[in-house]
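Working notes, beginning with the structure itself.
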Protein chains: 2
Amino acid sequence: MHTDKIRITHQREVILETLKAVKTHPTADELYDMVRRQLPRISLATVYRNLEWMSEQGIVKKIEVGGRQKRFDGNIMPHYHIRCVECGKVDDVECDFLVAANQIPDTINGYRVLGHSMELQGICPDCNLKKVSS
Amino acid sequence: MHTDKIRITHQREVILETLKAVKTHPTADELYDMVRRQLPRISLATVYRNLEWMSEQGIVKKIEVGGRQKRFDGNIMPHYHIRCVECGKVDDVECDFLVAANQIPDTINGYRVLGHSMELQGICPDCNLKKVSS
DNA sequence: TTATTTGCAAAAACTTTGCTGATAA
DNA sequence: TTATCAGCAAAGTTTTTGCAAATAA
């Protein structure tokens with residue numbers, strides 16, 4: 001993907017606005033469904049291409065965690081996530097108690113360290129209810 | 001998958017031995033290639049089914065991190081990983097400096113917390129070399 | 001003996017890509 | 001005007017599933 005001249009297309013704007021507007025961490029096809037309400041003719045490929053491109057640009061963040069599908073986050077401030085192992089939903093976590101990120105060396109096992117991510121796994125309130133009532 | 005009567009099949013033994021024997025964190029198809037040297041007629045579906053089943057049983061661990069494919073770890077002791085963003089390789093990390101796991105509450109945002117995982121992202125020595133020399 | 005597991009092939013799920021027409025600048 | 005981008009469809013990649021034959025117990 002060239003970076004010579006970047007265009008602000010309508011699709012690109014709507015995808016970004018939509019992602020920024022939600023506090024969830026949608027997959028490409030979830031975002032596609034949301035965006036389609038404004039742009040009924042948009043294609044899933046465009047959503048994929050733009051999410052990939054925006055995460056390369058650092059405009060959004062590709063969530064590097066478990067689960068089947070990739071998820072995206074409009075919040076690029078450092079923070080961690082908790083994922084429901086039943087339904088796959090991902091929420092933000094307040095994490096004062098967790099990692100002292102500034103203690104992470106910039107070289108480990110010969111790797112040049114670029115970043116880190118932390119995922120808690122759990123069962124969300126909704127899925128907890130379903131399990132209790134079944 | 002029923003759990004009424006569990007059979008110790010030859011395939012299951014070889015898959016587990018092979019995974020335990022390596023210090024890498026192979027994907028299903030990497031493990032398939034390794035196992036096939038001993039069991040040339042085994043199918044990839046069997047590898048997938050058994051890895052899934054063994055991770056449900058807690059015999060092995062499915063690595064909940066980024067990257068395209070799922071990876072599996074024969075080491076079920078708690079530890080963290082570093083993944084090369086260039087080639088996808090995953091190594092273990094010594095992590096005294098990282099998370100105080102016992103500080104993680106067992107309820108967060110209404111989620112019942114089951115576990116956590118941490119991934120560092122970086123560039124491995126091999127890929128670093130390739131980048132320097134190109 | 002018989003219920004579980006395998007191998008195979010097909011399908012499903014998710015993501016990327018090639019191409020042509022549309023469009024931002 | 002024109003190089004970038006979108007839409008569409010097709011292909012690629014990874015994982016799961018149905019079913020008949022094989023097999024562990």
Side-chain angles (χ1 to χ4, degrees), chain A residues 1-19 25-57 59-60 62-72 83 85 87-88 90, chain B residues 1-19 25-57 59-60 62-72 83 85 87-88 90:
Chain A
M1 189 172 283
H2 294 181
T3 46
D4 303 57
K5 287 173 187 173
I6 292 162
R7 290 189 188 173
I8 311 297
T9 62
H10 192 199
Q11 289 87 337
R12 207 162 264 183
E13 286 180 311
V14 174
I15 290 168
L16 182 57
E17 279 165 20
T18 305
L19 181 56
H25 306 78
T27 59
D29 67 293
E30 286 170 350
L31 204 48
Y32 172 61
D33 285 338
M34 299 180 212
V35 166
R36 220 163 15 153
R37 298 201 276 267
Q38 283 180 69
L39 301 175
R41 309 271 337 242
I42 200 172
S43 81
L44 181 55
T46 298
V47 175
Y48 269 106
R49 269 191 283 236
N50 278 294
L51 285 172
E52 190 62 33
W53 179 79
M54 289 191 293
S55 68
E56 281 166 11
Q57 302 299 310
I59 302 170
V60 306
K62 198 193 292 183
I63 302 186
E64 299 287 1
V65 293
R68 256 174 216 260
Q69 301 176 67
K70 287 176 188 163
R71 291 181 174 273
F72 294 85
R83 174 171 59 91
V85 298
C87 70
V90 173
Chain B
M1 191 171 285
H2 293 180
T3 46
D4 303 57
K5 287 173 187 173
I6 291 160
R7 288 188 189 173
I8 312 296
T9 62
H10 191 198
Q11 289 87 337
R12 207 162 265 182
E13 287 180 311
V14 174
I15 290 168
L16 182 58
E17 278 165 21
T18 305
L19 181 55
H25 305 78
T27 60
D29 68 291
E30 286 170 350
L31 204 48
Y32 172 60
D33 285 339
M34 297 179 211
V35 166
R36 219 160 20 151
R37 297 202 275 265
Q38 283 180 70
L39 302 175
R41 310 271 335 239
I42 200 172
S43 81
L44 181 55
T46 298
V47 175
Y48 269 105
R49 272 190 284 235
N50 278 295
L51 285 172
E52 190 62 31
W53 177 81
M54 290 191 291
S55 66
E56 282 165 10
Q57 303 297 311
I59 302 168
V60 306
K62 197 193 293 182
I63 302 187
E64 299 289 1
V65 293
R68 250 174 220 261
Q69 300 177 68
K70 287 175 187 163
R71 290 181 174 273
F72 295 85
R83 173 171 58 90
V85 298
C87 68
V90 173

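Below, chains carry the letters A, B, ... as their sequence lines are ordered, and counting in each starts from 1.
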Length of the line joining [X]:[atom1] and [N]:[atom2], which is rounded to integer Å:
X: Trp53(B); N: dT16(D); atom1: CH2; atom2: P; value: 17 Å
X: Leu51(B); N: dT17(D); atom1: CG; atom2: P; value: 15 Å
X: Ile42(A); N: dA9(D); atom1: CD1; atom2: P; value: 16 Å
X: Gln69(B); N: dT16(D); atom1: CD; atom2: P; value: 12 Å
X: Asp33(A); N: dC14(C); atom1: CG; atom2: C1'; value: 14 Å
X: Leu31(B); N: dT14(D); atom1: CG; atom2: C1'; value: 15 Å
X: Arg49(B); N: dT5(C); atom1: CZ; atom2: P; value: 10 Å
X: Glu52(B); N: dT5(C); atom1: CD; atom2: C1'; value: 16 Å

Would you say the side chain of Arg68(A) and the base of dA13(C) hold a donor-acceptor pair, judged only by whether the two atoms sit under 3.5 Å apart?
no

So, does the side chain of Arg7(A) form a donor-acceptor pair with the base of dA3(D) at under 3.5 Å?
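Answer yes: a donor N or O sits under 3.5 Å from an acceptor.
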
Side chains of [X] and [Y]: does their closest heavy-atom pair fall under 4.5 Å?
X: Lys62(B); Y: Leu51(B); result: no
X: Tyr48(A); Y: Glu52(A); result: no
X: Arg12(A); Y: Ile6(A); result: yes

Side-chain N,O ([X]) to OP1/OP2 ([N]) below 4.0 Å:
X: Lys70(A); N: dT16(C); result: yes
X: Gln11(B); N: dG7(C); result: yes
X: Thr46(A); N: dG7(D); result: yes

For residues 37-44 of chain B, which side-chain N or O atoms pair as donor and acceptor with protein atoms under 3.5 Å away, sequence neighbours left out?
{"from": "Ser43(B)", "atom 1": "OG", "to": "Ala45(B)", "atom 2": "N", "distance (Å)": "3.4"}
{"from": "Ser43(B)", "atom 1": "OG", "to": "Thr46(B)", "atom 2": "N", "distance (Å)": "3.3"}
{"from": "Ser43(B)", "atom 1": "OG", "to": "Thr46(B)", "atom 2": "OG1", "distance (Å)": "3.2"}

Counting heavy atoms from C-beta on, name the nucleotide in dA6(D), dG7(C), dT17(C) closest to the side chain of Arg41(B).
dG7(C)

With no hydrogens and no angle check, is any side-chain donor or acceptor of Arg71(A) less than 3.5 Å from a backbone partner on Gly88(A)?
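Yes; at least one donor-acceptor contact below 3.5 Å.
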
Select from Thr9(B) and Tyr48(B) the residue whose nearest nucleotide in DNA chain D is closer to the 5' end of that strand.
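It is Tyr48(B) whose nearest nucleotide is closer to the 5' end.
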
